[in-house]
Amino acid sequence: MLHPLEYRDPQTPEALARCLHETGFAVLGHPPIAEQLVQAVYQDWATFFTSEQKHNHTFEPEQQSGYFPFQLEQAKGHTVPDLKEFFHLYPWTDLPAGIGDNTHQLFQQLNQLASELLVWVEQFAPETVSFTEPLGRMIDGSQETLLRLIHYPPLAEAIPPGAIRAAAHEDINLITLLPAATAMGLELLDPQENWVSVPCSPGDIVINGGDMLQMASGGYYRSATHRVINPEGPMSATSRFSMPLFLHPRREVVLAGTTTARAYLLERLAEIGLLADGRKPLS
Ligand SMILES: O=C(O)CCC(=O)C(=O)O
Ligand SMILES: [Fe+2]
């Protein structure tokens with residue numbers, strides 16, 4: 001099911017649409033993104049997460065841009081915080097010192113690839129599915145799209161009960177492009193409710209549909225539930241890095257009916273309490 005679809009294979013546009021319909025997930029092999037670029041970006045951010053300067057970039061709740069520290073404390077209520085720290089980079093976010101142009105290049109290249117994939121997704125949707133504007137264009141010039149650079153540190157000896165690297169969730173946005181992470185751990189909940197491990201060969205890109213695509217397609221495309229599980233054995237002493245690009249439409253784009261992308265996002269953020277206390281991240 002999750003065999004990589006080859007970017008250049010003429011069957012791939014249709015197969016990608018089918019995967020996003022059936023499972024909400026696909027893996028793209030040999031995409032037009034240089035693996036060296038991905039590795040260079042991982043290197044830069046590994047250095048950032050190691051240095052104490054990261055604390056000078058702590059996010060502002062209003063903007064949701066910047067560094068989100070690892071949350072050691074036991075969270076209130078039912079939620080246990082994920083075992084991760086991360087940085088949210090929007091097109092307008094200032095890069096921390098030491099982060100080079102590679103990160104901007106990767107952002108731009110992934111964004112361009114996403115436009116192409118969205119054209120395929122629209123082209124191979126059934127005629128009964130109509131979008132309010134061409135899907136590929138919804139993300140043009142969007143200031144809401146963000147690259148989330150994530151560091152999952154080695155597991156501590158005592159982790160809070162139930163805490164995992166990333167708890168089961170769906171992404172809010174249209175689609176997500178995820179260059180292969182540095183280690184395994186990503187799992188997808190398939191339509192039969194089984195957790196399936198998502199492969200991550202270096203160079204591949206994992207694609208998943210989000211809630212906005214599900215809504216804009218009247219439910220045709222699935223927003224798949226996924227999570228990142230904790231490693232076992234020697235791997236638990238190692239870090240894992242990943243960097244999903246969450247593609248968001250421009251804020252005024254109408255997703256369905258009269259709901260704009262902005263209104264939908266605010267609704268979702270209010271639901272998860274983000275607007276109230278600014279602690280929870282955006283996906
Ligand atoms: O780290 C990963 O592989 C996935 C992360 C993820 O799903 C998210 O941040 O929304
Ligand atoms: Fe996610």
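In what follows, residues are counted from 1 in the order of the sequence shown. Quick caveat, the model's predicted, so the values are computed rather than measured. First listed ligand is number 1; within each ligand, the first listed atom is number 1.
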Which atoms of ligand 1 are found less than 4.0 Å from any heavy atom of [X]?
X      : answer
Arg148 : 8 (C), 9 (O), 10 (O)
Leu178 : 3 (O)
His226 : 7 (O)
Ile150 : 5 (C), 9 (O)
Val228 : 1 (O), 2 (C), 3 (O), 4 (C)

Does ligand 1 have any atom that is closer than 4.0 Å to a heavy atom of [X]?
X      : answer
Arg165 : no
Arg240 : yes
Tyr152 : yes

Are the aromatic rings of Phe241 and Trp45 close, with centres under 6.0 Å apart? no

Would you say the ring centroid of Phe68 lies under 6.0 angstrom from that of His88? yes

N/O/S atom name from Asp171 that is nearest to the position of the Fe ion (ligand 2): OD1

Ligand 1-proximal atoms of [X], by part, heavy-atom distance under 4.0 Å:
X      : answer
Ser242 : side chain
Asp171 : side chain
Phe246 : side chain
Arg227 : neither
Val206 : neither

Between Arg8 and Glu6, does at least one N-O distance fall below 4.0 Å, as a salt bridge requires? no

Measure the CG-CD distance between Asp101 and Gln108 for me, rounded to the nearest 0.5 Å. 8.5 Å

Pairwise distance NE2(His30) to CG(Asp204) - rounded to 0.5 angstrom: 7.5 Å

When you look at His57 and Gln53, which way does the side chain to side chain donor-acceptor pair (under 3.5 Å) test go after all the steps? CA-CA 7 Å; His57 296 274; Gln53 66 134 331; 3.3 Å; yes

Considering the options Leu146, Thr145, Asp94, Leu95, which one meets the side chain to side chain contact (heavy atoms under 4.5 Å, CB included) requirement together with Leu89? Leu95

Sole residue of Val38, Leu110, Leu178 in side chain to side chain contact (heavy atoms under 4.5 Å, CB included) with Met243: Val38

Calculate the angle formed at the Fe ion (ligand 2) by NE2 in His169 and NE2 in His226; 10° precision is enough. 90°

Walk me through it: do Glu116 and Tyr7 pass the test side chain to side chain donor-acceptor pair (under 3.5 Å)? CA-CA 11 Å; Glu116 187 181 11; Tyr7 173 69; 2.6 Å; yes

Ignoring hydrogens, what is the shortest heavy-atom contact between Tyr152 and Ser242? Give both atom names and the distance. CE1-OG, 3.7 Å

